[in-house]
Amino acid sequence: MLVDSHCHLIGSYPAEDGAEAVLARARLAGVAGFIAVATDLADARLVLALAARNQDVQASLGVHPHEAASWTPEVAAQLEALLRDPNARFVGETGLDWHYDLSPRDAQEAVFREHIRMARRLAKPVMVHTRAAPQETLRVLREEGADQVGGIIHCFSEDRQFAGLALDLGFHLSFSGIVTFRNAEPIRDVAAWAPEDRILVETDSPFLAPVPFRGKPNEPAYVTYVAAQVAQLRHLAPERLAEITTRNLEALCGWPPSA
Ligand SMILES: [Zn+2]
């Protein structure tokens with residue numbers, strides 16, 4: 001049983017080939033669970049509706065760092081209300097993206113802190129996005145006591161040192177299609193080395209399709225390629241890697257239930 005720990009299913013695919021068709025293809029490929037991630041409030045409502053219709057889909061709800069400038073107290077209140085839904089398993093994605101800088105950095109940091117506080121109030125783990133701000137991300141996680149709830153460093157693309165510090169804070173590392181990219185040796189190194197009880201796999205669909213689909217739209221069916229690569233790096237059978245990562249997700253967020 002393989003689970004995609006992070007995918008974007010709302011608005012990612014053309015209407016005639018929407019989320020339901022993408023999910024159907026993934027199920028045929030053997031993918032049994034999906035954490036669908038919202039990046040703003042409108043997305044959050046649609047992700048929750050998708051989870052209500054599909055029992056193999058659960059939700060991660062937040063306002064993406066790219067959208068941090070849109071944060072208001074009203075958005076915060078509505079997000080927190082939606083996060084009380086039992087199908088909402090994670091708070092986020094949230095974090096810092098100082099590569100694209102689509103929202104001001106101080107707004108990104110303030111909104112990241114608010115997500116962590118919300119996660120602590122709700123006792124749910126945090127879905128973290130970090131790009132080009134490794135030390136700052138770790139500092140905010142530490143200062144806000146994120147170790148009390150833990151969470152996922154999604155689409156892991158940092159080095160061993162960052163990984164060690166994130167693991168110390170109780171976080172899990174989720175590997176994406178990047179592990180199949182030619183120039184990703186440092187990330188493969190972390191995927192081979194990380195503790196077995198802290199690794200996850202994801203697609204981050206519709207972005208970052210693994211080899212041999214690189215550059216094309218990604219979809220959750222392709223998490224099988226990510227899992228195969230991580231399994232090979234760790235000298236494990238793909239079925240075993242699927243078992244491990246699914247169990248790790250359950251330990252973190254209580255889902256999916258063990259058979
Ligand atoms: Zn994402």
Side-chain angles (χ1 to χ4, degrees), residues 3-13 19 22-23 26 31 33-48 50-51 57-71 79 82-83 87-103 108 111-112 115-116 118-119 124-134 137 141 146 151-158 166 171-181 184 187 199-210 213-214 216-223 225-226 245 249 252-253:
V3 173
D4 184 347
S5 295
H6 187 115
C7 51
H8 300 278
L9 299 173
I10 304 298
S12 301
Y13 303 98
V22 168
L23 286 169
V31 185
F34 311 85
I35 300 291
V37 181
T39 56
D40 64 21
L41 210 50
D43 207 15
R45 293 197 181 88
L46 294 167
V47 166
L48 275 184
L50 189 71
V57 176
Q58 294 282 280
S60 176
L61 309 181
V63 173
H64 195 284
H66 291 346
E67 317 292 335
S70 72
W71 186 266
L79 177 63
L82 294 174
L83 277 162
N87 288 336
R89 300 284 173 170
F90 289 90
V91 179
E93 61 183 288
T94 181
L96 302 176
D97 193 315
W98 290 7
H99 176 75
Y100 287 109
D101 278 327
L102 295 186
S103 278
Q108 292 187 40
V111 171
F112 185 23
H115 278 82
I116 299 167
M118 212 176 269
K124 295 188 182 195
V126 190
M127 183 71 82
V128 176
H129 171 111
T130 179
R131 184 113 191 247
T137 298
L141 289 173
I152 297 178
I153 305 295
H154 115 82
C155 194
F156 187 85
S157 46
E158 298 293 335
F171 274 72
H172 286 60
L173 314 179
S174 181
F175 296 95
S176 68
I178 293 177
V179 289
T180 67
F181 295 178
I187 297 162
I199 55 170
L200 298 165
V201 285
E202 66 170 71
T203 57
D204 201 17
S205 297
F207 315 107
L208 294 170
F213 307 105
R214 189 171 181 181
K216 302 204 175 90
N218 198 3
E219 52 180 82
Y222 302 159
V223 75
Y225 291 84
V226 179
T245 50
L249 185 66
L252 179 58
C253 76

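All figures in this text were calculated on a predicted structure; none of them were measured in a lab. Just follow the structure's listing: the first ligand is 1, and inside any ligand the first atom is 1.
Centred on the Zn ion (ligand 1), the angle running from D204 (OD1) to H6 (NE2) is recorded as 90°, rounding to 10°.
Contact annotation: the side chain of E202 approaches that of H154 to within less than 4.5 Å [non-hydrogen atoms, C-beta and beyond].
Among the backbone and side-chain atoms of C155, none of the N, O or S atoms lies under 2.8 Å from the Zn ion (ligand 1).
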Check: Given D97 and H66, is the side-chain contact (heavy atoms from CB on, under 4.5 Å) satisfied, shown in steps?
Finding: CA-CA 7 Å; D97 193 315; H66 291 346; 3.2 Å; yes
Margin query: Does F90 form a side-chain contact (heavy atoms from CB on, under 4.5 Å) with L61? I'd like the steps, not just the answer.
Written below: CA-CA 6 Å; F90 289 90; L61 309 181; over 6 Å; no
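Minimum-distance N/O/S atom of H8 relative to the Zn ion (ligand 1): NE2. Restricting E93 to its N, O or S atoms, the one at the least distance from the Zn ion (ligand 1) is OE2.
Between E93 and H115, the side chains place no donor N or O within less than 3.5 Å of an acceptor N or O (distance only, hydrogens not considered).
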